[in-house]
Structure formats: C-alpha cells, structure tokens
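First the structure, in the form of structure tokens, and then the observations on it.
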Amino acid sequence: MLWKFRNCGSSFLVIGLVFSEILALANTAPGVKFIENKNQWPAEVNFSARVPGGNMIFQSGKFQYYFLDEQRMEELHQHSHDNRNESDASRGMEMINGHAVEVTFLGANRSSIPLPFGKSSEHYNYFVGNDPEHWASNVFAYDGFIYPSIYSGIDLKVYSQDDHIKYDFVVAP
C-alpha cells in the first residue's frame with residue numbers, strides 16, 4: 001500500500017510502514033478459535049467455534065452450522081438496554097431468523113477422537129443454568145484439531161485462516 005502526503009515529511013511514511021507491519025503480524029493468528037467440550041455441551045459435541053454470522057459445532061463425521069440474523073440480534077441487544085419495565089411480559093418473546101446446515105461425511109469413522117493443536121493461553125468458564133454437572137471451567141480454545149483415521153488411511157484436519165474455517169483431508173502414502 002502506498003500513501004502519499006504533501007509537505008508532511010518522512011515521519012508519516014515510517015509510521016505507516018510500522019503500522020502496516022503491526023497489522024500484518026496481527027493477521028497471522030487464527031481468527032477462529034475452536035473451544036473444547038468439557039461437559040458444557042452434549043457429549044457428542046467435540047468442539048464449537050464462533051464464525052461470522054453464527055456458530056459451528058464439530059462432531060466425529062459431522063459439522064453443523066447455525067447462522068442467525070446478526071442485524072436483528074443487534075437490534076434486540078440495543079433494545080434490551082432501553083428503559084423498559086422489567087415486568088413487561090413481551091420481553092424475551094422476540095424471534096430471530098436463522099438457518100441450520102448439517103454436513104455429514106458419509107461412511108466416516110464416527111468413533112474418531114479429535115486431537116487438538118495450538119492450545120491457547122486464555123480459557124473460558126461456563127456456569128450456565130442450575131445444574132453443576134453441566135458447568136465447566138478452564139475450558140481452552142485451540143487453533144485446530146485433527147480427526148485421525150476419519151476414513152481408512154485419511155485424517156481430517158480442521159483449522160482456520162482469518163475468519164474462515166478450513167479443512168484438509170490428509171491422505172497417507
């Protein structure tokens with residue numbers, strides 16, 4: 001990227017180059033983190049990830065995408081900050097349009113246990129609901145994971161590039 005400044009001196013060019021280097025370094029980290037399941041979700045869920053427009057759930061041999069109307073969600077969020085009567089019965093009855101997409105790998109090894117890689121330093125805590133059996137603390141995020149032998153001689157590697165989920169089939173020689 002070239003920036004032109006008139007009569008500004010060379011300090012802006014240096015700042016611009018430093019700023020672009022910082023942006024380049026910031027964009028090298030994965031944009032999507034894969035959160036492990038430590039009993040905060042149903043047992044068949046291995047990982048979950050926030051993706052643009054929704055969430056993605058990973059199970060052995062299956063991906064599930066859930067997309068919601070982000071603009072409507074933002075409207076409802078902003079509306080919740082309005083000075084409303086807390087006893088208003090209509091509160092919480094709002095609908096949000098969404099789509100669910102399920103991708104199933106036909107004939108996949110459903111007993112393949114994923115092996116995560118790139119453990120994050122941050123962790124998450126899930127204390128939702130009244131049942132401590134489904135609470136989880138020190139839940140880590142990962143850069144990705146591999147389902148070994150999802151098919152005979154084929155592993156499935158799941159990771160992200162920027163805000164995009166990527167997956168590769170790694171075929172044995």
Side-chain angles (χ1 to χ4, degrees), residues 20-77 80 92 94-173:
S20 65
E21 286 300 314
I22 291 170
L23 286 176
L25 289 172
N27 288 331
T28 59
V32 177
K33 291 291 187 180
F34 301 93
I35 311 292
E36 67 182 332
N37 185 3
K38 287 181 75 176
N39 204 34
Q40 73 271 25
W41 301 309
E44 63 271 8
V45 173
N46 301 127
F47 292 91
S48 178
R50 293 188 63 87
V51 296
N55 286 311
M56 199 169 170
I57 293 175
F58 301 89
Q59 300 174 21
S60 294
K62 184 190 312 186
F63 298 166
Q64 295 173 310
Y65 302 83
Y66 298 96
F67 298 107
L68 298 173
D69 182 346
E70 288 184 317
Q71 181 178 353
R72 182 69 179 138
M73 286 182 59
E74 182 62 26
E75 289 170 4
L76 290 173
H77 175 77
S80 71
E94 300 287 345
M95 298 293 287
I96 300 173
N97 290 327
H99 297 281
V101 177
E102 185 172 289
V103 177
T104 302
F105 295 97
L106 298 176
N109 174 9
R110 300 285 303 221
S111 62
S112 179
I113 298 173
L115 306 171
F117 60 85
K119 186 177 182 179
S120 67
S121 58
E122 72 267 8
H123 67 274
Y124 304 86
N125 296 306
Y126 294 85
F127 299 108
V128 181
N130 296 326
D131 186 359
E133 291 291 318
H134 295 288
W135 294 353
S137 60
N138 293 317
V139 177
F140 287 94
Y142 294 87
D143 292 341
F145 52 91
I146 297 172
Y147 283 110
S149 299
I150 195 78
Y151 293 108
S152 180
I154 301 173
D155 298 340
L156 176 63
K157 178 181 178 182
V158 180
Y159 58 101
S160 72
Q161 187 174 49
D162 300 320
D163 286 337
H164 305 285
I165 302 291
K166 300 291 214 173
Y167 63 92
D168 298 333
F169 290 103
V170 181
V171 181

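All of these numbers come straight from a predicted model, not from anything done at the bench. Counting from 1, the numbers follow the sequence of the chain as shown.
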Under 3.5 Å, is there a donor on one side chain and an acceptor on the other for D168 and Y159?
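Y159 and D168 do have a side-chain donor-acceptor pair below 3.5 Å.
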Quick one, [X] and [Y] - any side-chain contact, counting heavy atoms below 4.5 Å?
X    : Y    : value
V32  : M56  : no
Q64  : V45  : no
K157 : K166 : no
V158 : F47  : no
F58  : Y167 : no
D155 : S149 : yes

Heavy atoms from other residues, nucleotides or ligands near [atom1] of [X] exceed 12 (cutoff 6.0 Å):
X    : atom1 : result
Q71  : CD    : no
H123 : NE2   : yes
E122 : CD    : yes

Could you walk me through whether R72 and M95 pass side chain to side chain contact (heavy atoms under 4.5 Å, CB included), step by step?
CA-CA 9 Å; R72 182 69 179 138; M95 298 293 287; over 6 Å; no
Work out which heavy atom in [X] is nearest to a heavy atom in [Y]; give both atom names and the distance.
X    : Y    : answer
K33  : A141 : CB-CB, 3.7 Å
E70  : P52  : OE2-C, 4.3 Å
S121 : F140 : O-CE2, 4.2 Å
Y142 : E36  : OH-OE1, 3.9 Å
P114 : P148 : CA-CD, 4.4 Å
Q40  : V139 : NE2-CG1, 3.7 Å

Are any of the side-chain nitrogens in D143 or K119 under 4.0 Å away from the carboxylate oxygens of its partner?
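No.
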Spacing of E102 atom CD and Q59 atom CD [to the nearest 0.5 Å]:
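Spacing of CD (E102) from CD (Q59) equals 7.5 Å.
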Enter the distance from R110:CZ to I150:CD1 here, rounded to the nearest 0.5 Å.
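Atom-to-atom, R110:CZ and I150:CD1 are 8.5 Å apart.
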Could you walk me through whether R50 and N55 pass the side chain to side chain contact (heavy atoms under 4.5 Å, CB included) check?
CA-CA 4 Å; R50 293 188 63 87; N55 286 311; 3.4 Å; yes
Does G129 offer a backbone N or O that forms a donor-acceptor pair with the side chain of W135 under 3.5 Å?
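Yes; at least one donor-acceptor contact below 3.5 Å.
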Counting distance only, does the side-chain N/O of N125 pair as donor-acceptor with the main-chain N or O of N138 below 3.5 Å?
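Yes, because the side chain of N125 sits within donor-acceptor range (under 3.5 Å) of the backbone of N138.
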Among I113, N46, N109, which residue satisfies the side-chain contact (heavy atoms from CB on, under 4.5 Å) criterion with S60?
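That would be N46.
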Criterion side chain to side chain contact (heavy atoms under 4.5 Å, CB included) on I165 and Y65, from CA distance to verdict
CA-CA 11 Å; I165 302 291; Y65 302 83; 5.5 Å; no
F145 ring center within less than 6.0 Å of Y147 ring center
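Ring centres of F145 and Y147 closer than 6.0 Å.
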